[in-house]
Amino acid sequence: MALKRSFASYLRLVAVFARFSLTREMAFRGNFVMKVLLELVWLGILLVFYRTLFRGVDSIAGWDSASFLFFLGCYYTLEGVVETLFLENFVEFSDLVRTGNLDLHLLKPIDEQFLLSIRLIDWSTVPKLFIGSGMMGVAVFQMGHPVSGWTLALFAALFVAGVSMAYSFLLILSSTAIWMVRNQSLMELWWLFSTLMRYPRDIYDVAWAWPVRMVFTFVLPALLVVSVPAEIVGKAILDPWWICWMLVSAIISLSGSRRIFIGSIASYRSASS
Amino acid sequence: MIDPPIISAKELSRHYRVAEKSPGLMGSLRALWGGRNRVIVAVDNVSFSIQPGEIVGFLGPNGAGKTTTLKMLSGLIYPSSGTAEVLGYVPWERADPFRRQFALVMGQKNQLWWDLPASDSFELHREIYSLPKDRFRRVMGELVELFGVAKLLRQPVRELSLGERMKMELIACLLHEPRVLMLDEPTIGLDVVAQQTIQRCLREYNQSKKATILLTSHYMRDVEALCQRVLVITNGKLVHDGPLAGIVQRFGAYKQVRLQFAGEAIPPGLRLPDSATVMGSVVDLSVSRDMVSETISGILEQFPVTDLTVSDPPLEEVVARYFQESASGAGA
Amino acid sequence: MSSNIGSLAMDSSLSVRLVKSLTKYFNIFKVSLVERLAYRADFLLGTFLRLLPLVTTLLLWKAVYANKDEISGYTYRQVVAYLLLVHVSRMFSSMPGLASGIARDVRDGNLKRYLVQPLDLISYLLAYRMAHKVAYIITSIPLYSVIFFLCRDFFDAPPDPCWFCLYATALLMSFILGFAFEASLGMLGFWFLEISSFLYLVNTVNFFVSGHFLPLDLLDPWVAGILKVLPMQFMAYFPAALIMGKAGDWNDVVWGLGIEAAWCLGFLAMARGAYALGLRRYGGYGG
């Protein structure tokens, strides 16, 4: 009776969750509009900041106005993907642990990590995907040189790697909520992580910042998440070493975070009553 | 011919640690650097076995270890020692086929999507348990009829009453037709009518599917209505495993009477049995059931009583007394 | 403690009442402080992690100023100094969870607690927040001392020791303004069921509008002009600009403090008024 769940079945489940989340959002339309509005305000701040910076100077750390816009678009889209698919789930996960409602999810005959990662889809951040892609499009147009299909494919692969790294980071954080009594700052920690993605990694090219740069390139590679994919298109840099390291660290973080997640569930099961 | 048991527990124990924080500022500061831990024994060396098709009640005061035992049998938590087998599986290995034949309902926890109609949650359940469509439809039809909730299916769960929600919660857990059903306080907070409906439905489910049911409750009524056999647990220890009858007799045998007299102290001339406790002008008595009205009217006639309550003794006390009696009985 | 509070209602003489009232709020302060310190790792970790965005921001500005000495009157050193000082402002004026807490209390009916006991909601919250702030500031002092020591080269000598008094006044008022502002927002909970996303929106706008993000002077002049009229600037920009000597001379600053005080009173009055109106409404549907 060992039923191996098919990939299609997982996809169907994602679709069901997406539909449920949308129905739920629509039950509170005012709230939904507010959340979308919030995203637009953030976008506004980001763009005003961008404009203010380039009001004074022509380029920042080797990124001119157009390529910097591409970077921002890439950042905005990637953040949108993570927030749409995962962020709410992880915030909820810490809650489930605290209230003991995690139990009900552990009883289901399904992979816990899948169930807990994708249960809630946040539709209010979907506009970010479009706006972010739009920013990248405008930037490519401003840069004025065509992007080849290969570059685009590579960009897509690295973008997925970036999303995986951010996902793993969130998974590790919320898994540790089981050991820490009251982890109320998951959102804050995510914000910290996204702070490290927000600007090109070239700005860390300063003598006194090298420990920061090393730690967040090789230990917790947050600096790569947006920079490496964005460099490929925005600065036309194709450095095989960085591309390899990015892909490798994506794989390491995915498998490592899964291990930590499983460990935390085991620990939950031996620590609660 | 005796079937092999469908649930068996051997010497199950469960300990866990809690962090202690001493009160006050210094205590908090110390807790910043890691406080001390205390070990709590939730379940202590519990053994029993249950045959297919039985409905067994788990009885005991709050915090006695009922829920912890259920959680071990459902595979949610590991025991500190001991073994168990449910449906031929070791529950805490949580094999997929085990989880497909089994359900746990927790009265205080909610797994339905709050803002959606229950039927949507059922649909999700079908996806998660990979149930074939026609079987799902048939079972859902049966259950909806059994519980009488056809009209409520399209209503968001948050708009349902507590009793209706519990029925939906139960349906969700029964959709995959579990062979073993465990329920933790399924009727908590429900009114008597809803309690009875749920009892009736559980009985019918048990009979039609030959399912095994293990339920905890600290309401005597649930257990009385459903179970021929009860396990009584206090302080983590199993103190009784057998038919319900003996317990009910003892449970119903005495009433607690509390009398408040006018004035500072009890009136002179009032004769009390040795078991009575006196605090100022308040007296607590344990009176056998058939003597209650006689005793009270006797006192009311002669003495100035300002307040009077009659209640069943708390379950803790009944169980404790029962345990003492059966222990001394065994010694004699 | 609650029996302690309960007995207070008996006294009638004004001075006794005042003293007891102070003791009461001091007790609330003390208990809240204990609770606050009990957060363990989260607390220390959270404080430490606040550093990283700072580092990132510094690096970004360094990159911006790589080929330029001055933008809109600010040198690199001054931008950095501003961004550090603005953290100090926010340390006083930010009130995480205050408004949403009030709204939640209204919605869940916990408000009765304040109505039954002789406790004034706003004074209670003020005492609680003061405890919160004192605990936070005390635990942050070592960290901020290190940062400010490491970054000492970014700061110019203060114009005059007296300016520190003005600075302290501006900071204390920014605490009150932040409190009153959030409390007023929280009162919206009487009229709207769900305001958490609205609050989040306001906080986000505030983050920018108050000058937390960058010195207001760097923006397009007309934008900066508008933002300097709004009360939000007192929660971040004004105290920082004041001590940097960017908020004008002595007269300008005293004038600015006067305006800040007026905003404080205005928002306190608004919170009180909205609370009174809200309570009437609350009682209206039987609470």
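What you are looking at is a predicted structure, and each value in this text was computed from that prediction instead of being measured. Labels below follow one simple rule: chain letters A, B, ... track the order of the sequence lines, proteins then strands, and each chain is numbered from 1.
- Between Ala27(A) and Arg158(B), the shortest heavy-atom contact is CB-NH2, 3.9 Å.
- In summary, Glu123(B) and Arg19(A) do not engage in a salt bridge, as defined by a charged side-chain N under 4.0 Å from a carboxylate O.
- The 12-atom threshold is not exceeded at CG of Asn235(B), counting heavy atoms of other residues, nucleotides or ligands nearer than 6.0 Å.
- No more than 12 heavy atoms of other residues, nucleotides or ligands shown are found within 6.0 angstrom of CD on Glu11(B).
- Leu106(A) approaches Arg99(B) most closely through the heavy-atom pair O-NH1, 3.2 Å.
- Summarising the geometry, atom CG belonging to Asn110(B) is positioned 7.5 Å from atom CG belonging to Asn101(A); distances are rounded to the nearest 0.5 Å.
- Annotation for Phe130(A): atom CZ does not count as buried by contact number, only 12 or fewer foreign heavy atoms lying within 6.0 Å.
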Without placing hydrogens or testing angles, list every side-chain donor-acceptor pair under 3.5 Å for residues 8-17 of chain A, not counting sequence neighbours.
unit_1, atom_1, unit_2, atom_2, d
Ser9(A), OG, Arg5(A), NH1, 3.4
Arg12(A), NE, Glu127(B), OE1, 3.3
Arg12(A), NE, Glu127(B), OE2, 3.3

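- Heavy atoms of Phe98(B) lying under 4.5 Å from chain A are absent altogether.
- For Glu25(A), no part lies under 4.5 angstrom from a heavy atom of chain B.
- Annotation: the span from Lys108(A) atom NZ to His125(B) atom NE2 amounts to 6.0 Å, rounded to 0.5 Å.
- Side chain of Arg24(A) to main chain of Trp114(B): no donor-acceptor pair is present (N/O by atom type, distance under 3.5 Å, no hydrogens or angles).
- Here CG of Leu104(A) is found 7.0 Å from CD of Glu169(B). Values are rounded to the nearest 0.5 Å.
- Nearest approach of Ala266(A) to Tyr78(B), heavy atoms of both residues: O-CE1, 3.5 Å.
- Closest of all the heavy-atom pairs between Leu124(B) and Phe20(A) is CB-CE2, 3.7 Å.
- Between chain A and the residues Leu76(B), Asp115(B), Asp120(B), the largest count of heavy-atom pairs under 4.5 Å involves Leu76(B).
- Using a 4.5 Å cut-off between heavy atoms, Leu115(A) touches chain B through its side chain atoms alone.
- In terms of non-hydrogen atom pairs under 4.5 Å with chain A, the most contact-rich of Val105(B), Ile40(B), Leu104(B), Ile128(B) is Ile128(B).
- Between Lys109(B) and Asp103(A), the shortest heavy-atom distance links the atoms NZ-OD2, 3.6 Å.
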